[in-house]
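What follows is one structure encoded as structure tokens, with my remarks underneath.
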Amino acid sequence: MRRAFLFVLDSFGIGHAPDADKFGDAGSDTLGHIAERCARGEADRPGLREGPLDLPHLTRLGLFHAADLAAGRNQAATQVSGFFGSAQEVSSGKDTPSGHWEMTGVPVAFDWGYFPEEGPAFSDELVAAVIAESKVPGILGNCHASGTDIIARHGEEHIRTGKPICYTSADSVFQIAAHETHFGLDRLYALCETVRRLLDPLNIGRVIARPFVGETAATFKRTANRRDYAVPPPEPTLMDRVIAGGGRSLAVGKIGDIFAHRGISHLRKAPDNMAMFDRALEAMADAQDGDLVFANFVDFDTLFGHQRDVAGYAAALEAFDRRLPEALERLRSGDLLILTADHGCDPTFRGTDHTREQVPVIGTGPGLGTGSVGVRKSFADIGETIAEHLRLAPGAHGRSFYGDIAANA
């Protein structure tokens with residue numbers, strides 16, 4: 001019986017990528033900088049956490065050995081119970097779809113469309129089309145912005161006028177924030193579907209619905225009803241191949257949205273990391289021979305990386321680590337668990353955008369070997385390794401490292 005579990009700690013980079021300078025991200029290091037701040041006592045927060053970063057279970061799997069590999073250092077694999085490596089992205093972006101698609105065997109070889117950083121983000125023609133087709137009285141924002149900041153800035157006017165708040169970031173994305181009750185959740189989703197269609201000719205990766213509640217700038221809060229409207233991957237992904245091979249892909253979190261709901265057998269959603277961990281454990285229990293459980297833990301990115309909240313990010317990592325044994329205890333003969341990330345989002349770095357970083361590739365499974373799997377030259381190696389474990393035919397991209405870890409599997 002062969003099963004695979006792929007857990008993505010969204011934005012958990014382990015050091016800048018070799019091409020980070022092209023993205024203005026040389027020197028970024030999500031894990032390293034969080035650990036440094038914690039060690040200096042600069043990530044202490046009463047009632048939340050204090051002291052050095054405490055990740056005993058991730059460490060035993062080889063997390064910091066993976067970070068050493070990313071930095072060009074080799075550390076003897078002592079006291080490591082799993083396999084570890086780092087992975088570099090070949091896709092042209094540092095966004096969520098690019099990272100996830102590549103790790104499932106479909107690197108993004110084309111350039112996404114982006115909106116200008118200076119002046120209005122969206123052209124007069126696009127804004128006019130959005131207004132006309134969605135029958136909204138206008139839009140607010142029309143700029144690059146942090147989601148929480150722009151809601152605080154324009155939320156009250158949005159409630160008063162009914163104009164949705166539209167903004168973008170360094171990613172290929174059009175985000176729309178609207179109040180769940182004053183504007184309406186279904187109306188927001190319908191607006192996003194219209195904008196998705198309008199943006200297809202511009203090759204924009206995602207339209208994201210960002211609903212919020214509250215009545216004043218001081219009380220506005222984004223809800224868990226976010227929804228992403230992504231373009232579908234250009235080739236069959238690992239999930240498509242799993243289904244074609246007779247297995248199921250059991251998605252947890254925003255995985256369905258990232259892949260435009262293609263290649264998804266069953267989807268479980270939840271409002272936060274710990275609830276998503278619960279859903280992931282349920283999926284592990286449900287998984288059968290040939291199945292893939294694919295989970296995304298988004299809070300690291302949205303709540304802490306983009307918000308430059310080092311203490312919050314550290315606490316979230318520690319909370320995840322405390323629960324990791326629950327997943328490890330559910331592994332049985334024929335299982336493979338890999339933990340990785342889709343990009344970085346260094347909360348100590350300039351700006352609030354993603355950072356071009358290498359990602360950890362750590363994991364384990366009964367009978368699988370331990371030690372280094374090296375520096376992987378593409379996230380696609382992750383998908384190819386899972387494919388080989390599930391006895392699927394090789395894909396067009398990436399190189400499996402399954403032979404390095406198969407041991408007695």
Side-chain angles (χ1 to χ4, degrees), residues 6 8-31 66-67 69-72 84-114 170-173 203-206 230-241 255 258-260 263 294 296 301 338-346 353-363 372-388 392-404:
L6 179 57
V8 179
L9 285 68
D10 201 303
S11 86
F12 189 39
I14 58 171
H16 68 260
D19 61 355
D21 57 328
K22 298 178 182 177
F23 297 81
D25 293 333
S28 59
D29 183 352
T30 300
L31 169 62
L69 285 174
F84 59 87
S86 65
Q88 300 169 356
E89 188 171 9
V90 300
S91 296
S92 59
K94 54 177 180 176
D95 52 88
T96 294
S98 296
H100 282 77
W101 291 6
E102 184 170 327
M103 74 177 69
T104 57
V106 184
V108 177
F110 56 84
D111 290 325
W112 295 108
Y114 296 93
D171 290 345
S172 179
V173 65
N203 203 31
I204 300 299
R206 287 180 295 166
V231 296
E235 302 174 37
T237 67
L238 173 64
M239 291 96 76
D240 296 312
R241 293 157 61 192
I255 296 297
I258 295 168
F259 292 88
F294 193 3
N296 174 282
D301 184 54
I338 294 179
L339 299 98
T340 188
D342 53 343
H343 49 70
C345 196
D346 185 343
D353 293 319
H354 295 155
T355 41
R356 180 77 164 188
E357 294 187 48
Q358 299 177 69
V359 301
V361 182
I362 59 176
S372 174
V373 297
V375 177
R376 313 309 303 184
K377 297 302 183 182
S378 171
F379 292 3
D381 291 7
I382 298 168
E384 287 310 297
T385 300
I386 292 173
E388 184 174 356
L392 301 174
H397 310 282
R399 294 177 59 251
S400 170
F401 55 81
Y402 191 67
D404 296 334

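None of the values given here were measured: they were computed from a predicted structure.
- Sorted by first then second residue, the salt bridge (charged side-chain N to carboxylate O under 4.0 Å, His left out) pairs that include residues 18-29, not counting sequence neighbours, are D19-R356, D25-K94.
- Using modelled atom types, no side-chain atom of S28 and backbone atom of D346 make a donor-acceptor pair closer than 3.5 Å.
- Listed for the Q358 side chain is no donor-acceptor partner under 3.5 Å among the backbone atoms of I14.
- Ring centroid separation for the pair W112 and F110 comes in under the 6.0 Å cut-off.
- When atom types are taken as modelled, the side chain of D301 and the backbone of C345 share no donor-acceptor pair closer than 3.5 angstrom.
- Judged by distance alone, with hydrogens and angles left aside, the side-chain atoms of E102 form no donor-acceptor pair with the main-chain N or O of E89 at under 3.5 Å.
- Residues F84 and V373 have side chains not in contact (no heavy-atom distance under 4.5 Å, counting atoms from C-beta outward).
- Using cut-offs of 30° and 60° for the angle between ring planes, the F259 and H100 rings count as perpendicular.
- Using modelled atom types, no side-chain atom of T340 and backbone atom of V361 make a donor-acceptor pair closer than 3.5 Å.
- Between E384 and R241 there is a salt bridge, since a side-chain N of the basic residue sits under 4.0 Å from a carboxylate O of the acidic one.
- Not a single donor-acceptor pair under 3.5 Å links the side chain of T104 to the backbone N or O of G383.
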With side-chain hydrogen bond (donor to acceptor under 3.5 Å, both in side chains) as the criterion, how do D95 and H343 come out once you've worked through the C-alpha distance, each side chain's angles and the decisive distance to 0.1 Å? CA-CA 7 Å; D95 52 88; H343 49 70; over 6 Å; no
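- Residues W101 and P234 form a side-chain contact, since some pair of their non-hydrogen atoms from C-beta on lies under 4.5 Å apart.
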